[in-house]
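Input: a single structure, listed below in structure tokens.
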Amino acid sequence: MENIISIKDVTYTYPESKVSAINKLSLDIHRNEWLSIVGKNGSGKSTLAKLIDGLIESESGRIIVDGQEVNEQNIWNIRSKIGIVFQNPDHQFVGATVEDDVAFGLENQGMPRDEMVKQVDEALAMVDMQEYKTRDPQSLSGGQKQRVAIAGVLATKPSIIIMDESTSMLDPNGRRTVLNLVKQLRKQQDMTIISITHDIEETELSERIVVLKSGEVVQEADPKSIYNMGSELIKYGLEEPFSNQVASLLRDELKLPKGYLNEEELIQNIWKLSSKM
């Protein structure tokens, strides 16, 4: 697979800290994959995102984004390829209206007004928020605010989107809506998703999960392999999937197959077994 991001032996220590937040970390992120990065608070997840976007500079090692090394000479080119959706969308809003806010990144790029209006409308259509474009962003619900934040990112047409705990402040319905939206957008266009999350539902949508501990990669595999670790996941700051917990309780009694079963697979197996009784 082609790598869109290559991180090689990167170390970063915050000022006045004696312990490195990122410690000789190496990781390849494939073009157009959905990668989830998980770990306990302080494991280095958000620090890694800042390093990729050039918001902080590593002490050692190299980060290559789409063929360019992250450094002072390339930083603006690299940032034009990356969009970040943060935990709290209120911290991203700068415009008086939804359309003003979505246009902010394009204005910074010096885009002509006619083209900018077109791209704002396209981005709002992607997240189904066209009818709200003249509204004050602060008057929207949490899920709607996060959609607008995503539209602001999409308007700049990045090839990489970093979701930094971007569903953690939403209720279950809002979380599902945002995740389904991102899933749908990926089908429509090439896009690499890096999801920093504690939400098990979000990791299930990814192709690969990377587990960080003390600034180092300690596990790296597809979701099914990670979930098969069972209760051991807790020490890495990731809850065991609910379907896994239910299957563990029922496995001996109903003779369920070994290994991880998602909710749909669990229900199908229970129906098959119950129909034979």
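Expressed to the nearest 0.5 Å, how far CD1 of Ile63 lies from CD1 of Ile7 amounts to 5.5 Å. Here OG1 of Thr11 is found 10.0 Å from CG of Leu51. Values are rounded to the nearest 0.5 Å. Distance check, rounded to the nearest 0.5 Å: NZ of Lys50 to CD1 of Ile84 gives 9.5 Å. Here Asp101 contributes atom CG and Arg135 contributes atom CZ; the two are 14.0 Å apart, rounded to the nearest 0.5 Å. Taking OH of Tyr132 as the start and OG of Ser141 as the end, the distance is 7.5 Å to the nearest 0.5 Å. One finds the CG atom of Asp222 at 10.5 Å from the CZ atom of Arg208 (value rounded to the nearest 0.5 Å).
Under the 4.5 Å side-chain heavy-atom criterion for Ile, Leu, Val, Met, Phe, Trp and Tyr, Ile64 and Ile5 are members of distinct hydrophobic clusters. Two different hydrophobic clusters hold Ile82 and Leu106 under the rule that ILVMFWY side chains link at heavy-atom gaps under 4.5 Å. The same ILVMFWY cluster, assembled from side-chain heavy atoms under 4.5 Å apart, contains both Val10 and Leu35. Cluster membership check: Ile161 does not share its hydrophobic cluster with Ile78, using side-chain heavy-atom separations under 4.5 Å among Ile, Leu, Val, Met, Phe, Trp and Tyr. Two different hydrophobic clusters hold Ile52 and Ile193 under the rule that ILVMFWY side chains link at heavy-atom gaps under 4.5 Å.
Salt bridge absent: Lys24 and Glu216 never bring a charged side-chain N and a carboxylate O closer than 4.0 Å. One finds no salt bridge joining Asp53 and Lys81 here, because no Lys/Arg side-chain nitrogen approaches an Asp/Glu carboxylate oxygen to under 4.0 Å. Taking a cutoff of 4.0 Å between a charged side-chain nitrogen and a carboxylate oxygen, Asp164 and Lys45 do not qualify as a salt bridge. Between Asp9 and Arg62 there is no salt bridge, since no side-chain nitrogen of the basic residue lies less than 4.0 Å from a carboxylate oxygen of the acidic one. With respect to the salt-bridge test (charged N to carboxylate O, under 4.0 angstrom), the residues Arg186 and Glu207 qualify.
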Side chain to side chain contact (heavy atoms under 4.5 Å, CB included) assessment of Met163 paired with Thr197 = CA-CA 8 Å; Met163 299 176 68; Thr197 182; over 6 Å; no

Take Ile209 and Gln219 through the test side chain to side chain contact (heavy atoms under 4.5 Å, CB included) and record every step on the way to the result.
-> CA-CA 8 Å; Ile209 297 175; Gln219 295 287 342; over 6 Å; no

Can Val182 and Trp34 be said to form a side chain to side chain contact (heavy atoms under 4.5 Å, CB included), step by step?
-> CA-CA 10 Å; Val182 176; Trp34 187 322; 3.7 Å; yes

Determine, stepwise, if the pair Ile194 / Ile37 fulfils side chain to side chain contact (heavy atoms under 4.5 Å, CB included).
-> CA-CA 7 Å; Ile194 302 171; Ile37 300 177; 3.7 Å; yes

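Counting only distance, with no hydrogens or angles, the side chain of Lys213 and the backbone of Gly39 share no donor-acceptor pair below 3.5 Å. Under a 3.5 Å cut-off, the side chain of Arg31 and the backbone N or O of Ile4 do not form any donor-acceptor pair. With Asn32 contributing its side chain and Met191 its backbone, the two residues share a donor-acceptor pair below 3.5 Å. Although no hydrogens or angles enter the test, the distance criterion places a donor-acceptor pair under 3.5 Å between the side chain of Asn74 and the main chain of Glu69. Side-chain N or O atoms of Glu33 include one that pairs as donor or acceptor with a backbone N or O of His30 at under 3.5 Å. A donor-acceptor contact shorter than 3.5 Å links the side chain of Asn180 to the backbone of Arg176.
No hydrogens or angles considered: nothing links the side chains of Ser60 and Tyr12 as a donor-acceptor pair under 3.5 Å. Side-chain contact annotation: Asp100 with Thr97, donor-acceptor N/O pair under 3.5 Å present. Remark: the Thr167 side chain and the Gln146 side chain contain no N/O donor-acceptor pair separated by less than 3.5 Å. A donor atom on one side chain and an acceptor atom on the other are not found under 3.5 Å apart for Ser80 and Asn77. Side-chain N/O atoms of Ser36 and Ser206 include a donor and acceptor closer than 3.5 Å.
In this structure, Gln188 places its CD atom where more than 12 heavy-atom neighbours from other residues, nucleotides or ligands lie under 6.0 Å away. The local environment of CD in Glu57 is sparse, with at most 12 non-hydrogen atoms from other residues, nucleotides or ligands closer than 6.0 Å. Heavy atoms from other residues, nucleotides or ligands lying under 6.0 Å from NZ of Lys8 number more than 12.
Using a 4.5 Å cut-off on side-chain heavy atoms (C-beta onward), Glu115 and Gln119 make contact. The shortest distance between side-chain heavy atoms of Gln184 and Met126 does not fall below 4.5 Å. Contact of the Tyr14 side chain with the Val19 side chain is not registered, since no non-hydrogen atoms from C-beta on lie closer than 4.5 Å. Between Leu185 and Ile150 there is a side-chain heavy-atom pair separated by less than 4.5 Å.
Residues Ile196 and Ala49 share a closest heavy-atom pair of CD1-CB, 3.5 Å.
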